[in-house]
Number of protein chains: 2
Amino acid sequence: MAAQDFYGSVSLAVSTVIFALKDRALWVPLVRREREPYKGTWALPGGPLSPGRNLPDSALSTLEATTGLTPSYLEQLYAWGNPERSGGDGHVVSVVYWAALSSTPDQEAKGVAWFPVDGLPSLAFDHAEILDYAVARLRRKVAYSRIAHSFMPETFTLTELREAHEAIVGHPLDPANFARQFRSSPALIDTGRHREGTPFRPPRLYRYDSSLTYADDGALARASSAPDDTQDPTC
Amino acid sequence: MAAQDFYGSVSLAVSTVIFALKDRALWVPLVRREREPYKGTWALPGGPLSPGRNLPDSALSTLEATTGLTPSYLEQLYAWGNPERSGGDGHVVSVVYWAALSSTPDQEAKGVAWFPVDGLPSLAFDHAEILDYAVARLRRKVAYSRIAHSFMPETFTLTELREAHEAIVGHPLDPANFARQFRSSPALIDTGRHREGTPFRPPRLYRYDSSLTYADDGALARASSAPDDTQDPTC
DNA sequence: TTAATAGTGTCTATAAGACAATATTCA
DNA sequence: TGAATATTGTCTTATAGACACTATTAA
């Protein structure tokens, strides 16, 4: 969150809600604020937009600094611009992105900690509201898109994919109906291999046809381009 | 579109895509640019964000200045922030809203003209891309929400509502199936009256239960509040 | 053989689309 | 009565959910 002291200007920040799956739940990384306002409380990772830099580039570099990882999905969420939202630090408009990671990082950067979305600490600014909104969009989106695949590694089983869906929507899904629905997708490719070392019947391993994924459920935000045709915030 | 001269700053503008129905087609108002860059070409109405002002407030005042009207629907569309998009006028991030009008204004403000969306002139900046995206969102949104009602006056017939849908999606719809689907909606209220003066059988007049509309398909962006729960740009 | 998970088959309810048929008004 | 639009009814097809059933592996 950028501060700008002189009267009469609006500053612009880019923040990112970064989701990853862990222990069948959604987790997000937060950073501890080292300055007033809200010093010592947790906030979304982000920072001022550097002149000459793209919005998604700014989100990606925040992501890299926070997690050391490159996201498998990145999408603009919303712009918040209420003049009072900065806690007396001037008028700050934040363009917020959300991202999906296909793995959780082993070790955290300094000042960064991961929290489950249903056990968040008290947050700085309006970041609790932003996170609520990001979770709501992810929950709605998983129902009509293939966004859950962004949380999967290169190859995965249908049970793992279903558990990702369950973690996001928050309730169990019928394995039979889930399998039928997803096996009919041309983007889901049977690798012919099976997961080894399971205690019982070994499940098939699938991978994703990413060329179809892009066309079907929204693009990874590219550094120089416009929003995808499938973008629409009011579902 | 705001310009800011000193090196190293990002300026913030708010623009609005304003839709209205006329002659069974979608129309938008554009303003003629009176300054470089793109002097003399057409652009989306908008302007710099005044410090201390809300984003939707800024969109609403642009709308008022352009059309003299208050919209029946207003929603944040997307934020564009490519550094090259301003045509050499510094780094300008535009937060773009889109709005629906329930009527077309009788007379236009100075420098404003209305165009059908399938017959647009050459546009300044990246505004052609923005308009394409706004039309795409409206087209997708009309399929799963009740957004078409925002284009209707206080009372309307099912045929008028269907023609609004047809103008937006761009192809004819089956009157029988349309009527069945929309009459089952609890938000659509039969006024008991009929339209007078039609050459043939007079159709029923309906009105909308706006309290249900808010809950069902996204709120009118309110000056002081967050995005609606149903916001989601990737449909 | 048993336990546990992987995966298939079937039935039902719901909704959408095609399209025939009936209803109501004015000229 | 006829023309034109409003409104209702019926049939087909696609899909989602509930849930019973079969398959495959390790211990």
Side-chain angles (χ1 to χ4, degrees), chain A residues 23-24 139-148 152-153 155-207 216-217 235, chain B residues 23-24 139-148 152-153 155-207 216-217 235:
Chain A
D23 305 331
R24 300 196 180 187
R139 293 217 162 115
R140 241 172 305 109
K141 187 164 187 130
V142 79
Y144 63 81
S145 80
R146 300 197 184 108
I147 193 64
M152 295 286 102
T155 59
F156 51 89
T157 68
L158 272 184
T159 297
E160 288 163 352
L161 184 61
R162 177 172 49 81
E163 284 171 352
H165 277 255
E166 291 172 340
I168 294 168
V169 301
H171 59 80
L173 299 169
D174 184 292
N177 294 332
F178 185 88
R180 171 162 42 91
Q181 187 169 350
F182 278 79
R183 248 196 303 270
S184 73
S185 161
L188 194 68
I189 297 170
D190 190 340
T191 63
R193 293 178 293 123
H194 295 76
R195 169 132 300 161
E196 313 263 325
T198 53
F200 304 108
R201 176 176 176 175
R204 285 168 196 269
L205 280 170
Y206 292 89
R207 66 180 177 81
D216 281 10
D217 57 355
C235 248
Chain B
D23 305 332
R24 300 195 179 186
R139 292 219 163 112
R140 242 172 305 107
K141 187 163 187 132
V142 79
Y144 63 80
S145 79
R146 300 195 184 111
I147 192 63
M152 295 286 103
T155 60
F156 52 88
T157 69
L158 272 183
T159 297
E160 287 163 352
L161 184 61
R162 176 172 50 80
E163 284 171 353
H165 277 255
E166 290 172 340
I168 294 168
V169 300
H171 58 81
L173 300 169
D174 185 291
N177 294 333
F178 184 89
R180 172 160 43 90
Q181 188 169 349
F182 278 79
R183 247 197 303 272
S184 73
S185 160
L188 194 67
I189 297 170
D190 190 341
T191 63
R193 292 178 293 122
H194 295 76
R195 168 131 303 160
E196 314 264 324
T198 54
F200 304 108
R201 176 175 176 177
R204 285 170 196 266
L205 281 170
Y206 292 88
R207 64 180 178 81
D216 282 8
D217 57 355
C235 249

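Predicted, not measured: the structure shown is a model, and the values here were computed from it. A, B, ... follow the sequence lines: proteins, then strands. Residue 1 opens every chain.
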| task | Return the value, rounded to whole Å, for the distance between atom CZ of Arg183(A) and atom C1' of dT8(C). | result | 8 Å
| task | Using whole Å, report how far CZ of Phe182(A) lies from C1' of dA16(D). | result | 13 Å
| request: Using only side-chain N and O atoms of Gln181(B), determine if any of them is under 4.0 Å from OP1 or OP2 of dA16(C). | output: yes
| Tell me: CD of Glu160(A) to C1' of dG7(C), nearest whole Å? | 16 Å
| query | Do any pairs count as a salt bridge (charged side-chain N to carboxylate O under 4.0 Å, His left out) and have a residue in residues 164-180 of chain B, sequence neighbours left out, and if so which ones? | reply | Arg162(B)-Glu166(B)
| Heavy-atom pair with the smallest gap, counting every atom of Ile147(B) and Val142(B) | CG2-CA, 3.6 Å
Review item, side-chain donor-acceptor pairs of residues 197-205 of chain B, under 3.5 Å, at least two apart:
{"unit_1": "Thr198(B)", "atom_1": "OG1", "unit_2": "Phe200(B)", "atom_2": "O", "d": "3.0"}
{"unit_1": "Arg204(B)", "atom_1": "NH1", "unit_2": "Asp190(B)", "atom_2": "OD2", "d": "2.7"}

| request: Enumerate the residues from residues 162-179 of chain A whose closest heavy atom to DNA chain D is under 4.0 Å, giving them by residue number; use none for an empty result. | output: Asp174(A), Ala176(A), Asn177(A)
| query | Quick one, which residues of residues 194-205 of chain B touch DNA chain D with a heavy atom under 4.0 Å? | reply | Phe200(B), Arg201(B), Pro203(B), Arg204(B)
| said: Could you measure the distance from the CZ atom of Arg193(B) to the CZ atom of Arg207(B)? Nearest 0.5 Å is fine. | reply: 9.5 Å
| said: Applying side-chain hydrogen bond (donor to acceptor under 3.5 Å, both in side chains), can you list everything that pairs with Arg139(B), at least two apart in sequence or on another chain? | reply: none
| said: Less than 4.0 angstrom between a side-chain N/O of Thr159(A) and OP1 or OP2 of dA6(C), yes or no? | reply: yes
| query | For Tyr206(B), which of Thr157(B), Ile189(B), Leu188(B) qualifies under side chain to side chain contact (heavy atoms under 4.5 Å, CB included)? | reply | Leu188(B)
| query | Rounded to the nearest 0.5 Å, how far does OG1 of Thr155(B) lie from NE2 of His194(B)? | reply | 12.5 Å
| query | Say you draw a straight line from CD of Glu163(B) to CD1 of Ile168(B); how long is it, rounded to the nearest 0.5 Å? | reply | 12.0 Å
| task | Using whole Å, report how far CZ of Phe156(B) lies from P of dA6(D). | result | 15 Å
| field | Partners passing salt bridge (Lys or Arg N to Asp or Glu O under 4.0 Å) against Arg195(A) (at least two apart in sequence or in another chain) | value | Glu160(A)
| Hey, does the side chain of Arg180(A) come within less than 4.0 Å of dT15(D)'s phosphate (OP1/OP2), counting only N and O? | no
| query | If a stem is a run of at least 3 consecutive Watson-Crick or G-U pairs, both distances under 3.5 Å, which stems include DNA chain D? | reply | C:1-27 with D:1-27
| field | Pairing residues for Phe178(B) by the ring pair (Phe, Tyr, Trp, His ring centres under 6.0 Å) criterion, not counting sequence neighbours | value | His165(B), Phe182(B)
| field | Partner residues of Ala167(A) under the side chain to side chain contact (heavy atoms under 4.5 Å, CB included) criterion, sequence neighbours left out | value | Leu21(A)
